[in-house]
Structure formats: structure tokens, C-alpha cells
Amino acid sequence: MATNENLPPNVIKLLARELKSLDDSPPEGIKVGVNDDDFSTIYADIDGPAGTPYENGVFRMKLILSRDFPHSPPKGYFLTKIFHPNIASNGEICVNTLKRDWNPSLGLRHVLVVVRCLLIEPFPESALNEQAGKMLLENYEEYARHARLYTGIHALKPKPKFKTGAISESTAVLNVDQTNSSVCIIDPKPAVSGAVVQATTPLAPSLNTMKGATTLLNSVVDIGVSSGSTALPPVVAINKGGLVKAQVDKKKIDARKKSLKRL
């Protein structure tokens with residue numbers, strides 16, 4: 001297997017530049033991959049164009065580069081089995097761009113785009129797959145049926161695309177969940193008996209921002225007792241930085257006060 005050590009420095013430099021360009025702005029429907037230790041083989045996943053028998057399929061191919069690239073064209077092969085006039089049973093691609101129409105000024109981007117266009121407009125006149133070429137010329141519906149069958153069986157499945165704003169929505173939901181988890185609701189009984197639930201998320205207010213919270217709790221309790229209400233609304237209590245919501249039970253408070261008077 002060829003390695004970067006066997007490629008001339010000028011070829012490596014050229015390929016590195018092209019690969020960066022393909023990574024920064026990939027052609028529509030094409031994703032390029034490469035082994036960093038072997039620039040002589042370029043891999044690409046090509047989305048089947050909409051409106052063709054290859055739609056909803058992803059086809060993997062490779063381009064093999066020679067030492068004198070770009071003076072010599074790369075050789076192209078489909079690794080995914082496909083029914084197409086210009087693609088042989090061994091995956092070899094027949095397209096003029098990779099043969100007599102090759103020009104050293106053409107880059108990998110141009111080659112990949114031409115190969116994808118080949119899925120849109122086959123050329124049965126120069127067929128490597130004679131059955132597919134003949135079928136395309138004589139009975140397109142039958143050709144399309146065969147191509148769709150191959151696509152369904154052999155092609156890779158497209159990865160699902162996230163809807164716009166999905167990341168922002170997920171972040172918003174996460175923040176809401178964290179905010180809710182920072183305030184724990186507990187049963188009135190353990191609250192009166194002194195049970196405390198401590199906040200565990202960094203979104204909970206700190207002790208410095210909650211000074212006087214215990215005083216507030218005592219004030220509300222006194223108001224509830226003097227007014228004769230049977231239950232008080234939820235109030236905020238704090239213990240070592242943790243927030244709790246507690247429902248104070250008036251009857252138990254009265255009982256405690258009577259016990260204290262007896263003492």
C-alpha cells in the first residue's frame with residue numbers, strides 16, 4: 001500500500017491543500033475522508049441525487065492517486081455495489097474526466113462532482129455494465145426498478161438531519177431541567193421534623209444571595225399562626241446553600257408552642 005513517504009512532497013502539499021478545501025466547504029451531497037498516513041487513496045460518500053433511482057442511498061467510492069498526480073488522472077471505484085451503465089461489476093468508474101478529458105488543472109472536487117452527476121445522467125453509449133446500458137436505452141422503467149432494488153439492498157442509509165434550532169432547543173430544555181432540579185419539593189411532615197434537601201446544581205443561588213431567608217420563614221410562620229389559617233403557602237428555606245420548598249402545618253406548630261410553654 002502506498003504511503004505518504006512514497007509520494008513526492010509537491011503532491012502531498014497539493015493534496016493537503018485540496019483536502020482542507022473539501023473539508024471546509026464540501027460539495028453538495030459529498031463527504032470526503034482520508035487516512036492521514038495514506039493520501040494516495042481518497043474516500044468519499046456520495047448521496048444519491050433526488051429524483052433518480054439512487055435517491056435515499058449513500059454510495060461509498062474511492063479515488064486512487066498515482067505518484068505523478070495531477071499529471072495523471074486518479075482511478076475511481078465504487079465500493080458500494082450499484083446498478084449503473086458506467087460502473088463495472090468490480091466498481092470501476094468509466095467517465096471521460098478520468099480518462100481522455102483529464103487535465104492537470106482539474107482537482108479532486110471537480111472529479112467528485114462529475115461522478116455524482118453521473119448518477120443523474122448516465123452515458124449508456126460508453127457502458128461498462130452492458131446490461132444496465134442496454135436496459136437504460138430500451139426500457140427505462142425496468143432499468144430504474146433494477147437500480148432502486150440495488151440501492152435498497154446495498155446502499156448505505158443517510159444519517160438523519162437535525163432540525164434547525166435543535167441544539168438551542170435542547171440547551172433551553174436542559175437549563176429548565178437544571179433550574180427545576182435546584183428546588184426540591186418535599187412533604188410537609190419531614191419538613192417540620194427538620195429534614196432538609198440540599199441543592200445539587202450550580203444554578204442554585206448561593207448563600208450570599210439568600211441572607212435573611214431563615215428570618216423570612218419565621219416571619220411567615222408567625223403570620224400564619226396569628227391569622228388562624230389552617231395551612232401556609234410554600235416558603236423558601238435555606239440550609240448550607242440548599243433550597244427547599246416546605247408546606248408548614250399549623251397544627252404541628254401550635255403543638256410545639258404548647259410544648260414549649262409547658263417547659
Side-chain angles (χ1 to χ4, degrees), residues 2 14-15 18-19 21-22 25-34 39-161:
L14 173 65
L15 289 174
E18 284 208 63
L19 291 171
S21 172
L22 288 168
S25 57
E28 181 182 359
I30 301 173
K31 295 179 181 178
V32 179
V34 67
F39 281 4
S40 65
T41 303
I42 309 298
Y43 296 92
D45 283 349
I46 298 181
D47 295 343
T52 71
Y54 311 106
E55 185 176 3
N56 297 324
V58 178
F59 301 85
R60 185 155 295 171
M61 62 160 294
K62 66 179 180 180
L63 295 174
I64 300 178
L65 313 180
S66 61
R67 282 183 56 85
D68 59 348
F69 177 86
H71 300 291
S72 296
K75 293 182 179 179
Y77 296 88
F78 267 79
L79 301 178
T80 302
K81 196 167 185 178
I82 183 172
F83 188 77
H84 191 286
N86 306 113
I87 302 170
S89 57
N90 67 349
E92 182 181 355
I93 303 170
C94 178
V95 62
N96 289 336
T97 301
L98 298 178
K99 294 185 177 180
R100 62 170 181 255
D101 291 344
W102 174 255
N103 188 306
S105 64
L106 301 177
L108 297 178
R109 180 184 297 272
H110 179 80
V111 172
L112 294 170
V113 170
V114 166
V115 171
R116 187 168 189 264
C117 287
L118 199 63
L119 300 184
I120 300 174
E121 187 177 356
F123 294 96
E125 296 81 5
S126 57
L128 289 179
N129 184 328
E130 294 183 1
Q131 180 189 9
K134 183 178 181 181
M135 198 176 290
L136 176 60
L137 290 172
E138 296 177 356
N139 189 341
Y140 178 81
E141 291 302 323
E142 186 66 12
Y143 157 76
R145 188 180 70 82
H146 271 70
R148 280 193 294 269
L149 181 64
Y150 272 59
T151 298
I153 295 174
H154 301 290
L156 305 171
K157 303 303 178 186
K159 293 182 180 180
K161 296 182 179 179

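Nothing fancy with the numbering, it's 1 onward along the sequence.
- Side-chain N or O atoms of Asp47 include none that pairs as donor or acceptor with a backbone N or O of Val58 at under 3.5 Å.
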Check against side chain to side chain contact (heavy atoms under 4.5 Å, CB included), Thr151 and Asn56: CA-CA 8 Å; Thr151 298; Asn56 297 324; 5.8 Å; no
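- Atom-to-atom distance recorded for Leu22:CG and Ile42:CD1 is 8.5 Å, nearest 0.5 angstrom.
- Summarising the geometry, atom CZ belonging to Arg60 is positioned 9.5 Å from atom OH belonging to Tyr43; distances are rounded to the nearest 0.5 Å.
- In terms of heavy-atom proximity, Leu106 sits nearest to Asp101 at CD1-O, 3.9 Å.
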Test side chain to side chain contact (heavy atoms under 4.5 Å, CB included) applied to Leu65 and Phe39, step by step: CA-CA 8 Å; Leu65 313 180; Phe39 281 4; over 6 Å; no
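- The aromatic rings of Tyr54 and Tyr143 stand perpendicular to each other, their planes meeting at an angle above 60°, with 30° marking the opposite boundary.
- Phe69 and Trp102 have tilted rings, their planes meeting at an angle from 30° to 60° on a 0 to 90° scale.
- Side chain of Arg109 to backbone of Ser21: a donor-acceptor contact under 3.5 angstrom is found.
- Looking at heavy atoms from C-beta onward, Asn86 lies out of side-chain contact with Ile93 at the 4.5 angstrom threshold.
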Test side chain to side chain contact (heavy atoms under 4.5 Å, CB included) applied to Asn139 and Lys134, step by step: CA-CA 8 Å; Asn139 189 341; Lys134 183 178 181 181; over 6 Å; no
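- Looking at every heavy atom in both residues, Val114 comes nearest to Val95 through CG1-CG2, 3.6 Å.
- The minimum heavy-atom distance between Cys94 and Lys99, with the atom names listed, is SG-NZ, 3.8 Å.
- Checked options Val115, Ile82, Ile87, Leu156; the residue passing with Phe59 is Ile82 (criterion: side-chain contact (heavy atoms from CB on, under 4.5 Å)).
- Contact between Leu98 and Gly76 at its shortest, heavy atoms only, is CD1-N, 4.1 Å.
- Residues Asp68 and Ser72 have side chains that bring a donor and an acceptor to within less than 3.5 angstrom of each other.
- With respect to His84, the side-chain contact (heavy atoms from CB on, under 4.5 Å) criterion is satisfied by exactly one of Leu136, Asn129, Leu118, Leu128: Leu118.
- Lys81 places none of its side-chain heavy atoms less than 4.5 Å from the side chain of Ile153.
- Ile64 is listed as a side-chain neighbour of Tyr77, based on a closest heavy-atom distance under 4.5 Å.
- Counting heavy atoms from C-beta on, the side chains of Leu15 and Val34 never come closer than 4.5 Å.
- Around the CD atom of Glu130, the shell of radius 6.0 Å holds no more than 12 heavy atoms that belong to other residues, nucleotides or ligands.
- Remark: Asp45 does not engage Lys31 in a salt bridge, criterion side-chain N to carboxylate O under 4.0 Å.
- Of the inter-residue distances, the one linking Gln131 atom CD with Glu142 atom CD reads 9.0 Å to the nearest 0.5 angstrom.
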Step-by-step side chain to side chain contact (heavy atoms under 4.5 Å, CB included) determination, Thr41 to Leu63: CA-CA 6 Å; Thr41 303; Leu63 295 174; over 6 Å; no
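- Heavy atoms only, all atoms of each residue included: Pro85 and Pro124 are closest at CB-CA, 4.2 Å.
- Pro70 has its side chain within reach of Leu14: a pair of non-hydrogen atoms, C-beta onward, lies under 4.5 Å apart.
- In this structure, the side chain of Arg116 does not engage the main chain of Ile30 through any donor-acceptor pair within 3.5 Å.
- Without hydrogens or angle criteria, Glu18 side chain to Leu108 main chain gives a donor-acceptor distance under 3.5 Å.
- Taking 4.5 Å as the limit, some side-chain heavy atom of Leu79 sits within range of a side-chain heavy atom of Lys62.
- Considering only heavy atoms from C-beta on, Phe83 comes within 4.5 Å of Met135 through its side chain.
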